[in-house]
Amino acid sequence: MKLNYLRFGTTAFIWLLGTALVSGQQLADQSEIDLKDLSSFKTPGKTWTLAGGVTANLNEANVLNIAKGTGILVNVPTKKDHGSDLLTIGEHGDIILELDYLLAKGSNSGIYLQGVYEIQLEDSWGLLNPTSSNNGGIYQRWDDSKPEGQKGYQGYAPRQNASKAPGLWQHIKIAFQAPRFDASGNKTANARVLGIELNGVLIQDNVELFGATRGANDKEKAIGSLRLQGDHGAVAFRNIKTSKLPAEMLNGGQRNGSDTDPIYIDVTTTPNIRSFVDVPGGPKVVHAISVGSPAQVHFSYDLDNGALFQAWHGEFVDATPMWHDRGNGTSRPRGSVTAFTKKPVPTLAKLTDPKGAWLVDTTGTGFKTKGYTLDAQERPTFNYNIYGTKVSDAIKALENGRGLSREIVLETPVDNIYALIADASSVEEVSKGLYLVDGQSFYLKFDDTKDKPVIRDVDGRKQLVVPVRGKLNYSILF
């Protein structure tokens, strides 16, 4: 089967310099909605406010913790005030829309293009088989005159679940083609969602919209306000950018697909694959293994350093670059990738104190890989020697599909051994044993550690290191 993908690259986005939105202006003529205040929106309800920072509570539904400031648009409905939708003063027809959003646990919201076509936003973390009512779906149309079970129709599920956890920022890009009308107001062409990328994954591709979805605030029209749903749950938005839809993208044009049939790896038959793997913004890992799970949580591991360097939700691996024609030896994730480092380094190091410089490679450590062993579900435990002891490193998908668990065990404990667990732009402890990492890209969760993890500053970045006194267990939630 041949799949073509919309080109959501820099050539398709020309951010136009603009001023604050005013009535009558086209959203597509602006570069970004200014979130220094709420003047870009029509009569905001009391549940809408601005913030400088937002985090979620993973243990409590519909709760967001808000820090004072601006730049983030937040909606937190309450029992007394269920909230209302927010509409922009500026209107749009054809448009490229790009923004970040963050959901509370169990929350539900939506982006209504022109106020009438809903792209669903929902806490769908770990869901295996998403529908049109889950995150990234195009919501159903509705007809109350139809029999029960048939009232909803023409909804479009995302191709895969690329959703992140509550409290993590998610990024969405939408290319939208507005409906066409003649001089008498008769519709001559349906609207189209030309493409939606969620967290870097194409989840909708050239979908024709035959009418307004359920919850539309008006009839279909040539231009309309952008509408953010505000009466279903706590949600935050930032970096709301808009631009004109390039003419060459109309009706599904401007595609950068290849005529090559893709070679996809089925996780049920091939759960582990050895290949080269490119680290975004970093080097090529030449002794890598990618490990898949039916829970749709997968990861890549650097055998040369004992390092876990990326993980992803969704589909498993595209091996086309490795096996097509002569190939270049690389495979790549098919889902929504969370990168843990730009350059894999040894996970374990012997330090005189927690502030000591980390190793750039395994030189002088006595490192020697011992491959891996497989359990009954063909899940590998990686084995290697370092500092005179044998290490086992077991990484497994959580059964709920929400992340990974990791257990590092030293056969013979060695003094002053530390594990480098995070090297990122930011590391913050948000509750006991729970850390928010890399600009709210993923969580680290420590249920029981003999020693508290240490957050240290290194060359403008944050590193989290943990002493390893025989055994270390933690989870990665993303």
Side-chain angles (χ1 to χ4, degrees), residues 20-21 23 25-28 30-51 54 56 62 64 66 70-78 81-93 95-104 106-124 133-139 163-164 166-167 169-176 178 191 193 196 198 204 209 212-218 221 223-243:
L21 293 171
S23 180
Q25 281 190 309
Q26 287 274 335
L27 283 177
Q30 306 304 306
S31 61
E32 187 167 1
I33 293 179
D34 191 348
L35 295 179
K36 291 180 181 178
D37 54 37
L38 297 176
S39 61
S40 294
F41 304 98
K42 302 176 183 178
T43 58
K46 293 182 179 180
T47 61
W48 290 95
T49 187
L50 294 174
V54 180
N62 208 41
L64 291 178
I66 300 172
T70 61
I72 300 174
L73 176 66
V74 187
N75 178 61
V76 182
T78 64
D81 189 341
H82 297 292
S84 58
D85 294 349
L86 189 66
L87 283 81
T88 58
I89 293 173
E91 297 184 325
H92 74 90
I95 197 172
I96 298 284
L97 172 67
E98 182 172 9
L99 57 81
D100 300 326
Y101 67 94
L102 179 153
L103 294 161
S107 188
N108 179 317
S109 183
I111 299 169
Y112 280 87
L113 301 165
Q114 296 189 314
V116 297
Y117 311 105
E118 183 183 9
I119 310 303
Q120 176 77 342
L121 306 182
E122 187 207 49
D123 174 17
S124 300
S133 61
N134 299 128
N135 201 35
I138 298 174
Y139 209 75
S163 304
K164 286 179 171 283
W169 285 108
Q170 308 196 57
H171 188 73
I172 193 167
K173 294 180 182 178
I174 303 169
F176 173 73
V193 170
I196 299 178
L198 177 61
Q204 302 283 359
L209 306 179
T213 61
R214 189 181 189 186
N217 65 352
D218 202 346
K221 48 206 166 187
I223 62 171
S225 296
L226 180 66
R227 175 180 160 213
L228 303 176
Q229 190 174 46
D231 61 351
H232 277 52
V235 62
F237 300 91
R238 69 179 185 186
N239 299 329
I240 306 173
K241 299 178 180 180
T242 59
S243 69

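Just the heavy atoms: all of them, side chains too, but no hydrogens, waters or symmetry mates, feed the values below.
- Counting heavy atoms from C-beta outward, L73 and L50 have side chains that approach closer than 4.5 Å.
- Summarising the geometry, atom CG belonging to L38 is positioned 11.5 Å from atom CD1 belonging to I33; distances are rounded to the nearest 0.5 Å.
- Applying the side chain to side chain contact (heavy atoms under 4.5 Å, CB included) rule to K42 yields the partners L87, I89, S225; only residues at least two apart in sequence or on another chain are considered.
- A 4.5 Å side-chain heavy-atom check between I96 and S243 finds at least one atom pair inside the cut-off.
- Remark: D218 pairs with K221 by the side-chain hydrogen bond (donor to acceptor under 3.5 Å, both in side chains) rule, at least two apart or across chains.
- Minimum interatomic distance between A236 and I72 (heavy atoms only, all atoms of both residues): CB-CG2, 3.9 Å.
- Residues I95 and I174 form no side-chain contact, since every pair of their non-hydrogen atoms from C-beta on lies 4.5 Å or further apart.
- Contact of the L113 side chain with the L209 side chain is not registered, since no non-hydrogen atoms from C-beta on lie closer than 4.5 Å.
- Heavy atoms only, all atoms of each residue included: A234 and S107 are closest at O-OG, 2.6 Å.
- In this structure a side-chain-to-backbone donor-acceptor pair under 3.5 Å is missing from H82 to P77.
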Check step by step if side-chain contact (heavy atoms from CB on, under 4.5 Å) holds for I172 and I111. CA-CA 10 Å; I172 193 167; I111 299 169; 4.3 Å; yes
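- In plain terms, the two heavy atoms of A51 and I66 that are nearest each other are CB-CG2, 3.2 Å.
- Every residue two or more places apart in sequence or in another chain was checked for a salt bridge (charged side-chain N to carboxylate O under 4.0 Å, His left out) with D81, and none qualifies.
- Evaluation of the side chain to side chain contact (heavy atoms under 4.5 Å, CB included) rule for I223 yields Q26, E91 as partners, not counting sequence neighbours.
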Please list, one pair per line, the donor and acceptor atoms closer than 3.5 Å that link side chains of residues 116-123 to other protein atoms, with sequence neighbours excluded.
unit_1, atom_1, unit_2, atom_2, d
Y117, OH, E220, OE2, 2.6
E118, OE1, Y112, OH, 3.0
Q120, NE2, S133, O, 3.0
E122, OE1, S124, OG, 2.6
E122, OE1, N134, ND2, 2.8
D123, OD1, W125, N, 3.4
D123, OD2, G106, N, 2.7

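- Listed for the Q170 side chain is a donor-acceptor partner under 3.5 Å among the backbone atoms of K164.
- Closest heavy-atom contact between D85 and G230: OD1-N, 2.9 Å.
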_Applying side-chain contact (heavy atoms from CB on, under 4.5 Å) to L228 and T88, what does each step give before you reach the verdict?_
CA-CA 9 Å; L228 303 176; T88 58; over 6 Å; no
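- Looking at L102 and L64, their side chains come closer than 4.5 Å, going by heavy atoms from C-beta outward.
- L86 is not listed as a side-chain neighbour of N75, based on a closest heavy-atom distance of 4.5 Å or more.
- Residues L35 and N239 are not in side-chain contact: their nearest non-hydrogen atoms beyond the backbone lie 4.5 Å or more apart.
- Looking at residues two or more places apart in sequence or on another chain, you find a side chain to side chain contact (heavy atoms under 4.5 Å, CB included) between D37 and S39.
- Partners of Y101 under the side-chain hydrogen bond (donor to acceptor under 3.5 Å, both in side chains) rule, at least two apart in sequence or in another chain, are N135.
- Annotation for A56 and P166: closest pair CB-C, 4.0 Å, computed over non-hydrogen atoms.
- Side-chain atoms of T242 and H92, non-hydrogen and from C-beta on, never get closer than 4.5 Å to each other.
- Looking only at distances, no side-chain donor or acceptor of W48 sits under 3.5 Å from a matching main-chain atom of T43.
- For H171, the side chain to side chain contact (heavy atoms under 4.5 Å, CB included) criterion is met by E98, D100, K173, N199, not counting sequence neighbours.
- Contact between Q229 and V235 at its shortest, heavy atoms only, is O-CG1, 4.4 Å.
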